[in-house]
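Written out below as structure tokens is the structure these notes cover.
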Number of protein chains: 2
Amino acid sequence: MKIDPDNKADLSAQIAEAIREEIMAGRLIVDERLPSEAELADHFEVSRPTVREALKRLAAQSLIRTARGAFGGAFVNRLSYPEAYGQHITTSTLLLSMNAISFDVACEARYALERACTPLAAERRTPDMLATMRAEIHRQGQPGLTDESFCASDVTFHRALVDSADNPVLSYQLAGAVEAMQPLMNMITFTARSREAIVGFHTRIADALERHEADAAQTALSELEAYTLTLGRDVMAARARPRKPA
Amino acid sequence: MKIDPDNKADLSAQIAEAIREEIMAGRLIVDERLPSEAELADHFEVSRPTVREALKRLAAQSLIRTARGAFGGAFVNRLSYPEAYGQHITTSTLLLSMNAISFDVACEARYALERACTPLAAERRTPDMLATMRAEIHRQGQPGLTDESFCASDVTFHRALVDSADNPVLSYQLAGAVEAMQPLMNMITFTARSREAIVGFHTRIADALERHEADAAQTALSELEAYTLTLGRDVMAARARPRKPA
DNA sequence: GCGTTTAAATTGTCAGACATTTAAATGTAA
DNA sequence: TTACATTTAAATGTCTGACAATTTAAACGC
């Protein structure tokens, strides 16, 4: 780890990249301690603040963690699921919100991925997960619920559906697709009738999973997708129309 | 954006988090310029190096970009697909390599997600994408190919399959699942016979997509999954057995 | 009017210092 | 000997002040 040519880019970025590659390649393993900031500064022939900026970059990606005090320092961090979830959700959300992704495209991706989980979920769903889904369905039927709370409950329901597949890698990958849709969904006004319809779909999905019927669950999911699409399209059409209606 | 209580955590982490929330909430919009480092230091009542560490954290997540010179500064960055891809792949790869994820679990997730793309890919596949798949299949049949190159070609083939669904959000989400498997796949020794089998599955998939037959493609994918699983299990079993066989 | 120069603003980097935290080593008393 | 308090050393966290490099806009000269 001593590559630093006559590059023009920021030194801190180069140093961060050099260390990152060491970690990605497995040459720095989990919980291994990096040299101290002073030693790194000496090694790369830069000042300590520059090294620190590089380390902060790595810390922001959860690649390292730091500890103060004697025998402290920077350590290669074991990327935990919560950390990975958080980063994935952040990235996915920003990607969708900043790139004018159409509601249709995001919706299609989300439901396609969720359907992928359904066969596994139908096979492995636990009473616990079913109870979570039922609870959220019940919450979604409450009259006083705000649109935002309804959306949040919707996310919780779908996450339970995904988690029912009992595959942490799948849950991780899906987290981005499901959570990133929330800002888009939050723009929708859920009327009493549309809520009723959605609760109906959710109930069909939960029922199907309970009976281990993957196909029925997939069908319900597809119909929910189609229904969501119509709700979203109305919103997007209204948004595209700048002339405000009185 | 002026929240900084008597928290114990690093100031640079707090400041980064405060700015990150502004961006995520949309209160700082794309291409908007942040205050200069000096102004931020003044605002948060910290020194400039501390502010800089915070900004580097954000830059590492592609949330901001910086420009030098007059009228330079830090700007909210529009997260591009390549940047999002890169971050997602990094995170996914590390998550798998550092958490003792079983080959089975990773494999199951990957193929479940790929099957989710198949119906769309069968509908929308372009001659271009088919040509890419055929080219990779041809490469995979070359005799002199190293295991690593075979793996790389495998990834390219599967990415073409995913991209055929013509949904950038789907491609982005899948990138993590497909690419992160590569280190695991690289541990496998692909014999001539296993390569022949895999090429056979790939050909069946490409043929099915060409004929717009989603079901046939999914079936082939499932069989490929099962076959990959047996290959992977052999490797993992050998790894788990420390007594070296002469 | 146009090209050149100058100035100003801003990030990038450096040096050195002090503050804070942590764990090990040491010392002390029951 | 054991338990507890103190010291010490190593490391990160933070600050101050300065200079370098870069980029744009304005001033200037022709």
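These numbers were taken from a predicted model, which means no experiment stands behind them.
Comparing A:Ala70 and A:Asp10 along DNA chain C, the residue whose closest nucleotide (by nearest heavy atom) sits nearer the 5' end is A:Asp10. Nearest-nucleotide mapping onto DNA chain C: of B:Ala74 and A:Ala67, the residue sitting toward the 5' end is B:Ala74. Both A:Leu55 and A:Pro49 lie near DNA chain D, and the one whose nearest nucleotide falls closer to the 5' end is A:Leu55.
Look at CZ on B:Arg52: it is 6 Å from C1' on C:dT11, rounded to the nearest Å. For the pair A:Asp42 CG and C:dC14 C1', the interatomic distance rounds to 14 Å; values are reported in whole Å. The CZ atom of B:Phe71 sits 8 Å away from the C1' atom of C:dA9 (whole-angstrom rounding). Straight-line distance from the CG atom of B:Leu11 to the P atom of C:dA19: 16 Å, rounded to whole Å. At whole-Å resolution of the value, CD in B:Glu53 and P in D:dG13 are 7 Å apart. For A:Glu45 and C:dC14, the CD to C1' distance is 14 Å, given to the nearest whole Å. Per the geometry, CZ belonging to A:Arg48 stands 13 Å off P belonging to C:dA15, to the nearest Å. Protein atom CD1 of B:Ile15 is 12 Å distant from nucleotide atom C1' of D:dG13, rounded to whole Å.
Look at B:Asp154 and B:Arg110 and you find a salt bridge, because one of the NZ, NE, NH1 or NH2 atoms lies within 4.0 Å of a carboxylate O, short of that distance. Taking a cutoff of 4.0 Å between a charged side-chain nitrogen and a carboxylate oxygen, A:Arg124 and A:Asp163 do not qualify as a salt bridge. The existence of a salt bridge linking A:Glu179 and A:Arg159 is confirmed by a sub-4.0 Å separation between a basic side-chain nitrogen and an acidic carboxylate oxygen. Using a 4.0 Å cut-off between charged nitrogen and carboxylate oxygen, B:Glu53 and B:Lys56 do not count as a salt-bridge pair.
Checking C:dT22, C:dT13, D:dT23 against the side-chain heavy atoms of A:Ser47 singles out C:dT13 as nearest. Side-chain proximity of A:Glu37 to the nucleotides D:dC15, D:dG13, C:dG12 is greatest for D:dG13.
When the side-chain nitrogen and oxygen atoms of B:Thr50 are compared with OP1 and OP2 of D:dG13, none of them lie within a distance under 4.0 Å. Between A:Lys56 and D:dG13 there is a side-chain N or O to OP1 or OP2 distance below 4.0 Å. Taking side-chain N and O atoms only, B:Thr66 has a distance below 4.0 Å to OP1 or OP2 of C:dG12. Of the side-chain N and O atoms in B:Ser12, none sit less than 4.0 angstrom from OP1 or OP2 of D:dG13.
Residue-to-nucleotide contacts include no donor-acceptor pair under 3.5 Å from the side chain of B:Arg68 to the base of C:dT10.
Using a 4.0 Å heavy-atom cutoff across all strands shown, A:Arg65 reaches no nucleic acid atom at all.
By the neighbour-count criterion of 12 heavy atoms within 6.0 Å, atom CZ of B:Arg139 is sparsely surrounded, having that number or fewer from other residues, nucleotides or ligands.
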